[in-house]
Amino acid sequence: MAMLTAYDPFAATNAAFRALDQLTGRPGGLTARPLSGMPMDAYRVGDNFVAHFDLPGVDPGSIDLQVEGTTLTVTAERSVPQLENVEWAIAERPYGSYTRQLVLGRSLDTDRLEAHYHDGVLTVSIPVAEKARARKITVTRADTPVSVEGRTIEGETSGRKSVES
């Protein structure tokens, strides 16, 4: 079962700005532009799903995480510097709002989601739900037939077995 489906609603916007820079002959761009996405790494370690989002220069108070159903929405804002008597030579650092949505697998326990922001990186950790964790099932010897929902099933006569689910 998939743990995550990533969706960046602003991926096309970044390509449009690059095309505009090429058309106007501005390699790399000379003007600051709105943010177009937030780079992310995601992985499972043990019984936790972890995602790291790069949010450099973002005020931690502007970071908002919301879970609705199986969708995690991360938003944050990087403000435009408010400087007086400044003549910009180059302004390439992006500003504005970041938004990223992740569709999480139902096997994650979003009620126990934790988030921390340190050195420009937002780390989100979501435990795998107890019911979705791998567990060992013990099969016992049955010397007599077993009844399951009114049907008789012949029991194994070999010893005890272990089965991974």
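Keep in mind that the numbers below use all heavy atoms, side chains included, and drop hydrogens, waters and symmetry copies.
Between the side chain of N48 and the main chain of V50, no donor-acceptor pair closer than 3.5 Å is present. Distance alone, capped at 3.5 Å, is enough to place a donor-acceptor pair between the R100 side chain and the M38 backbone. Listed for the E92 side chain is no donor-acceptor partner under 3.5 Å among the backbone atoms of I90. With Y117 contributing its side chain and I63 its backbone, the two residues share no donor-acceptor pair below 3.5 Å. Looking only at distances, a side-chain donor or acceptor of R44 sits under 3.5 Å from a matching main-chain atom of G46.
S62 contributes atom OG, which lies 8.0 Å from atom CG of L55 (distance to the nearest 0.5 angstrom). Taken to the nearest 0.5 Å, the CG atom of L104 stands 11.5 Å off from the CG atom of D109. To the nearest 0.5 angstrom, T70 atom OG1 is 9.5 Å from L108 atom CG. S125 OG to E114 CD: the interatomic distance, rounded to the nearest 0.5 Å, is 6.0 Å. Of the inter-residue distances, the one linking L65 atom CG with T110 atom OG1 reads 12.0 Å to the nearest 0.5 angstrom.
Side chain to side chain, Q101 and T73 meet the donor-acceptor criterion of an N or O pair below 3.5 Å. Between T123 and H116, the side chains place no donor N or O within less than 3.5 Å of an acceptor N or O (distance only, hydrogens not considered).
Here the closest heavy-atom approach between residue R112 and residue P127 is recorded as NH2-CB, 3.2 Å.
With contacts defined as side-chain heavy-atom distances shorter than 4.5 Å, the pair M40/L102 qualifies.
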Chi angles and distances behind the side chain to side chain contact (heavy atoms under 4.5 Å, CB included) call for L113, F49: CA-CA 10 Å; L113 181 148; F49 173 77; over 6 Å; no
Stepwise side chain to side chain contact (heavy atoms under 4.5 Å, CB included) test for T75 and Y98: CA-CA 5 Å; T75 56; Y98 287 98; over 6 Å; no
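The residue from V121, L122, V124 that alone fulfils the side chain to side chain contact (heavy atoms under 4.5 Å, CB included) condition with H52 is V121.
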